[in-house]
Amino acid sequence: MESHSIIHKNPFGYISRCDCCSDIQLCLGNMVLVMTEEDFEDFKFTFFKLNNIETAPLHRDGRFKRYTMQTSFKDLTLSLSMREYEWTSDLLNLASLSIMCNANLN
């Protein structure tokens with residue numbers, strides 16, 4: 001059984017690292033992605049490069065507006081509310097900072 005160390009978490013999800021292979025696990029809502037550290041950095045870079053909540057296409061209008069967000073994966077598009085976008089941004093930024101600090105310390 002694999003064990004994961006939580007890098008960062010918030011109400012929308014978490015980012016963890018596998019203790020045996022060092023893969024990154026990204027959980028957003030009910031979606032889980034497993035990727036290498038390089039893929040994670042690419043995912044983060046692409047998420048912020050391609051998406052701006054102010055100009056993102058509206059996916060669903062109503063009580064909670066949902067916006068279409070592109071990712072570095074060709075077949076993966078996210079539908080996020082404003083709050084979920086903020087939580088996703090928080091997860092990606094703080095986890096990336098933590099990974100970078102740990103790499104510099106080791």
Side-chain angles (χ1 to χ4, degrees):
M1 175 101 183
E2 294 179 0
S3 178
H4 286 258
S5 299
I6 299 292
I7 297 171
H8 185 68
K9 65 180 178 176
N10 67 23
F12 189 52
Y14 65 85
I15 297 179
S16 66
R17 181 184 296 276
C18 178
D19 294 335
C20 67
C21 68
S22 296
D23 278 351
I24 303 293
Q25 186 175 54
L26 168 62
C27 175
L28 298 173
N30 63 357
M31 176 192 73
V32 178
L33 297 171
V34 177
M35 59 190 95
T36 65
E37 190 172 317
E38 293 79 25
D39 288 338
F40 170 75
E41 287 301 327
D42 187 43
F43 183 91
K44 177 188 168 255
F45 175 79
T46 304
F47 181 82
F48 289 113
K49 182 178 179 184
L50 297 178
N51 302 300
N52 178 341
I53 196 68
E54 301 298 323
T55 59
L58 190 60
H59 170 65
R60 187 177 77 200
D61 201 359
R63 183 170 172 225
F64 295 104
K65 293 181 180 181
R66 300 192 70 76
Y67 301 90
T68 302
M69 302 290 162
Q70 302 301 314
T71 70
S72 58
F73 298 103
K74 181 178 81 169
D75 297 329
L76 178 64
T77 303
L78 304 176
S79 172
L80 301 174
S81 68
M82 176 75 82
R83 184 70 167 188
E84 291 168 342
Y85 175 83
E86 292 168 353
W87 281 334
T88 301
S89 298
D90 172 68
L91 279 172
L92 296 175
N93 283 325
L94 292 176
S96 182
L97 182 61
S98 179
I99 289 169
M100 186 173 38
C101 287
N102 283 336
N104 288 332
L105 291 174
N106 294 327

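Cluster membership for Leu91 and Met82, using ILVMFWY side-chain heavy atoms within less than 4.5 angstrom, is shared. Hydrophobic clustering (side-chain heavy atoms under 4.5 Å, transitive across Ile, Leu, Val, Met, Phe, Trp, Tyr) groups Leu92 together with Leu76. No chain of hydrophobic side-chain contacts below 4.5 Å, direct or via other Ile, Leu, Val, Met, Phe, Trp or Tyr residues, connects Met100 to Leu26. In the hydrophobic clustering of ILVMFWY residues, with side-chain heavy atoms under 4.5 Å counting as a link, Phe48 and Ile7 come out together. In the hydrophobic cluster analysis, where Ile, Leu, Val, Met, Phe, Trp and Tyr join through side-chain heavy atoms closer than 4.5 angstrom, Leu97 is grouped apart from Phe40.
With rounding to the nearest 0.5 angstrom, the OG atom of Ser98 is 11.5 Å from the CD1 atom of Ile6. Interatomic distance, CE of Met35 versus OG of Ser72, reported as 7.0 Å (0.5 Å rounding). Going from atom OG of Ser16 over to atom CD of Gln25 covers 4.0 Å, rounded to the nearest 0.5 Å. Atoms NZ and CG, on Lys44 and Asp39 in that order, are 14.5 Å from each other to the nearest 0.5 Å.
The aromatic rings of Trp87 and Phe12 sit parallel to each other, their planes meeting at less than 30°, with 60° as the upper class boundary.
Under the 3.5 Å distance criterion, with hydrogens and angles disregarded, a donor-acceptor pair is assigned to the side chains of Ser96 and Glu41. Residues Asp90 and His8 have side chains that bring a donor and an acceptor to within less than 3.5 angstrom of each other.
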Exercise. Output, in order, the C-alpha distance, side-chain angles, deciding distance and verdict of ring pair (Phe, Tyr, Trp, His ring centres under 6.0 Å) for Phe47 and Tyr85.
Key: CA-CA 10 Å; Phe47 181 82; Tyr85 175 83; 5.5 Å; yes
Practice problem: Give the C-alpha distance, both sets of side-chain angles, the deciding distance and a yes or no for side-chain contact (heavy atoms from CB on, under 4.5 Å) between Met31 and Leu78. | Solution: CA-CA 10 Å; Met31 176 192 73; Leu78 304 176; 3.9 Å; yes
Quiz item: Would His59 and Leu80 satisfy side-chain contact (heavy atoms from CB on, under 4.5 Å), going step by step from the backbone distance to the final call?
Solution: CA-CA 9 Å; His59 170 65; Leu80 301 174; over 6 Å; no
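Residues Thr36 and Asp23 are in side-chain contact: their nearest non-hydrogen atoms beyond the backbone lie under 4.5 Å apart.
With hydrogens and angles ignored, the 3.5 Å screen pairs no side-chain donor or acceptor of Arg60 with any backbone N or O of Arg66. Asn10 places a side-chain N or O within 3.5 Å of a backbone atom of Gly13 that can act as its donor or acceptor partner. Side-chain atoms of Ser81 never come within 3.5 Å of backbone atoms of Phe64 as a donor-acceptor pair (strictly under, hydrogens ignored).
Closest non-hydrogen pair, His4 versus Asp19, comes out as N-OD2, 3.9 Å. For the pair Cys27 and Gly29, the tightest heavy-atom approach, listed with the atom from each and the gap, is SG-O, 3.6 Å. For the residue pair Glu37 and Ile24, the shortest heavy atom distance occurs at CA-CG1, 4.0 Å. Considering all non-hydrogen atoms of both residues, Ile15 and Ala95 come closest at CD1-CB, 3.5 Å. Nearest heavy atom pair, residue Leu28 against residue Thr88, reads CD2-OG1, 3.8 Å. Across Glu84 and Ser79, no two heavy atoms sit closer than the pair OE1-O, 3.9 Å.
Within a 6.0 Å radius of CZ in Phe73, other residues, nucleotides and ligands contribute more than 12 heavy atoms.
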